[in-house]
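Every chain is numbered from 1, with letters handed out A, B, ... down the list of sequences. What's counted below: heavy atoms across the whole structure, side chains too, no hydrogens, waters or symmetry copies.
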2 protein chains.
Amino acid sequence: MNDESDASPLTGDDLATWAALATVLEWLPPALDAGLARDVDLTHFEYGILYALATSPERTLRMSVLAGYANSSLSRLSRAATRLEGRGWISRTRDPADGRSTLALLTAQGLEVFERATPLHERNVRALVLDPLTSAQKQQLRAISERIQRAIRENGGWAPR
Amino acid sequence: MNDESDASPLTGDDLATWAALATVLEWLPPALDAGLARDVDLTHFEYGILYALATSPERTLRMSVLAGYANSSLSRLSRAATRLEGRGWISRTRDPADGRSTLALLTAQGLEVFERATPLHERNVRALVLDPLTSAQKQQLRAISERIQRAIRENGGWAPR
DNA sequence: CCTCTTTAGTTGCTCAGTCAAGTTAATTCA
DNA sequence: TGAATTAACTTGACTGAGCAACTAAAGAGG
């Protein structure tokens, strides 16, 4: 697995680190989705939307604010909202105070789904991420993740529109 | 291995760790793709295919083996191969030794693209992941990633088909 | 006021990925 | 040997996401 020394090839420990992370980036999201998708019919992304609404005053948020909380583009959120609305889990109304804005509201039914989904989701996160790690590793992972986030922001900073 | 009780909501340090990782899971892949997509017309996943082929004897691999290297389902790989073949970067032929198998070969043109893409990709990986971290953190990240991989495998093990 | 621009969201088009069904080639074993 | 099974892909139908174009409502400037 080690090889030539051109301009700057990734080798040795760096390569191993990157390969290990790359596999996690590929596997973890679908693994997390799998549980939720099987038990409730919900992706991790959709769960995040319900979570943001459920923990908001009035269970209501403007779409653009919700997009921020969900790390999402407005377009992606809009489509997800259409799906969730179709299932009766959220509803959208025009903001009376500013006709351009749309207010998303978690319905009673949506809240129920959220409450059913939450323990499943947390069990997943624990089983796949938190429980296998030592306390020290969890601290490390947090610091590392925050550092990488910063690097992303600084390097042409990718952010959803 | 753990402090917080198993049935209760994520809180405190655990929540912070999870939130930090979740954001990385959401942001890092598109951030990595952005550079490659802009400069060469290649996703990170497609780059992985070229990489696997370029570093193989004869620059050739059976599709199913390649799928393993690329962490991919055969179906996903097959579609990606169709795209890459359309651009003349790989070619597929039936394996003479076993007519069920397909051999994917990196073409000269494909190799050229790979060699152009490699420094860009590595610059990305370094800028976003490796350079911001200390040596100790890189070691930690590797160990953590490997541990999470194992947890995924053990928990109903998600693996691409 | 009446344009001109900006803000907030939605939607048409296209593409990548999943699942399941289909195809062709090897294997098994009765 | 020949029918049934398994293996290795490929493909059709469908879904989710991105980009860019579009609509509607504020706000700004003259």
Side-chain angles (χ1 to χ4, degrees), chain A residues 25-34 36-38 41-49 60-87 90-105 158-161, chain B residues 25-27 29-38 41-49 60-87 90-105 158-161:
Chain A
L25 291 176
E26 195 78 41
W27 287 7
L28 187 51
L32 285 166
D33 275 350
L36 277 180
R38 199 179 45 247
D41 187 23
L42 214 51
T43 65
H44 178 245
F45 175 69
E46 291 164 339
Y47 175 79
I49 292 172
T60 298
L61 286 174
R62 287 178 54 206
M63 291 291 280
S64 48
V65 174
L66 185 50
Y69 289 173
N71 271 333
S72 164
S73 68
L74 214 37
S75 158
R76 184 183 181 188
L77 173 61
S78 179
R79 295 185 190 284
T82 302
R83 297 195 295 273
L84 295 174
E85 199 171 34
R87 297 173 189 176
I90 72 170
S91 67
R92 280 179 290 185
T93 51
R94 186 164 288 258
D95 183 347
D98 182 339
R100 293 168 299 182
S101 298
T102 300
L103 299 175
L105 163 72
W158 185 87
R161 248 165 301 150
Chain B
L25 254 25
E26 195 78 38
W27 287 7
L32 285 165
D33 274 351
L36 277 180
R38 199 177 48 246
D41 187 24
L42 214 51
T43 65
H44 178 244
F45 175 68
E46 291 165 339
Y47 175 80
I49 292 171
T60 297
L61 286 173
R62 288 178 55 204
M63 290 291 279
S64 48
V65 174
L66 184 51
Y69 290 173
N71 273 331
S72 164
S73 68
L74 212 38
S75 156
R76 184 183 182 188
L77 174 61
S78 180
R79 294 192 189 281
T82 302
R83 297 194 295 273
L84 295 174
E85 199 171 34
R87 298 174 189 175
I90 72 170
S91 67
R92 280 180 290 185
T93 52
R94 186 164 289 261
D95 183 347
D98 183 337
R100 293 168 300 181
S101 299
T102 301
L103 299 174
L105 164 73
W158 184 87
R161 256 164 293 151

What's the [atom1]-[atom2] distance between [X] and [N], to the nearest Å?
{"X": "B/Asp33", "N": "D/dA17", "atom1": "CG", "atom2": "P", "answer": "16 Å"}
{"X": "B/Leu42", "N": "C/dA16", "atom1": "CG", "atom2": "C1'", "answer": "14 Å"}
{"X": "A/Met63", "N": "C/dT7", "atom1": "CE", "atom2": "P", "answer": "18 Å"}
{"X": "A/Leu66", "N": "C/dG9", "atom1": "CG", "atom2": "C1'", "answer": "13 Å"}
{"X": "A/Glu85", "N": "C/dT10", "atom1": "CD", "atom2": "C1'", "answer": "12 Å"}
{"X": "A/Leu77", "N": "C/dG9", "atom1": "CG", "atom2": "P", "answer": "9 Å"}
{"X": "B/Ile90", "N": "D/dC9", "atom1": "CD1", "atom2": "P", "answer": "12 Å"}
{"X": "A/Arg92", "N": "C/dT11", "atom1": "CZ", "atom2": "C1'", "answer": "11 Å"}

Tell me what [X] touches on the nucleic acid: a base, only sugar-phosphate, or nothing, going by heavy atoms under 4.0 Å.
{"X": "A/Asp98", "value": "sugar-phosphate"}
{"X": "A/Ser101", "value": "sugar-phosphate"}
{"X": "B/Ser64", "value": "sugar-phosphate"}

Side chain to side chain contact (heavy atoms under 4.5 Å, CB included) assessment of A/Leu84 paired with A/Leu42
CA-CA 9 Å; A/Leu84 295 174; A/Leu42 214 51; 4.3 Å; yes

Please give me the minimum heavy-atom distance between A/Ala70 and A/Phe45, naming the atom from each residue.
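Shortest heavy-atom contact: O-CE1, 3.8 Å.
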
If every non-hydrogen atom of B/Ser64 is compared with every non-hydrogen atom of B/Leu74, which pair is closest and at what distance?
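Minimum heavy-atom separation between B/Ser64 and B/Leu74: CA-CD1, 3.9 Å.
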
So, is [X] near the phosphate of [N], with a side-chain N or O under 4.0 Å from OP1 or OP2?
{"X": "B/Ser75", "N": "D/dT11", "result": "no"}
{"X": "B/Arg76", "N": "C/dC15", "result": "no"}
{"X": "A/Arg100", "N": "D/dA25", "result": "no"}
{"X": "B/Arg62", "N": "D/dA8", "result": "yes"}

Which nucleotide in [options] has an atom nearest any side-chain atom of [X]:
{"X": "B/Thr102", "options": "C/dT10, D/dT10, C/dT18", "result": "D/dT10"}
{"X": "B/Arg79", "options": "D/dG12, D/dA17, D/dC9", "result": "D/dG12"}
{"X": "A/Arg94", "options": "C/dT24, D/dA25, C/dT10", "result": "D/dA25"}
{"X": "A/Leu74", "options": "D/dA17, D/dT10, C/dA8", "result": "C/dA8"}

Position toward the 5' end of DNA chain D (nearest nucleotide), B/Thr82 or A/Asp95:
B/Thr82

Looking at A/Asp98 and A/Arg62, does any basic side-chain N land under 4.0 Å from a carboxylate oxygen?
no

Expected output: side-chain A/Glu85 to main-chain A/Arg92 donor-acceptor under 3.5 Å:
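Side chain of A/Glu85 to backbone of A/Arg92, a donor-acceptor pair under 3.5 Å: yes, one is there.
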
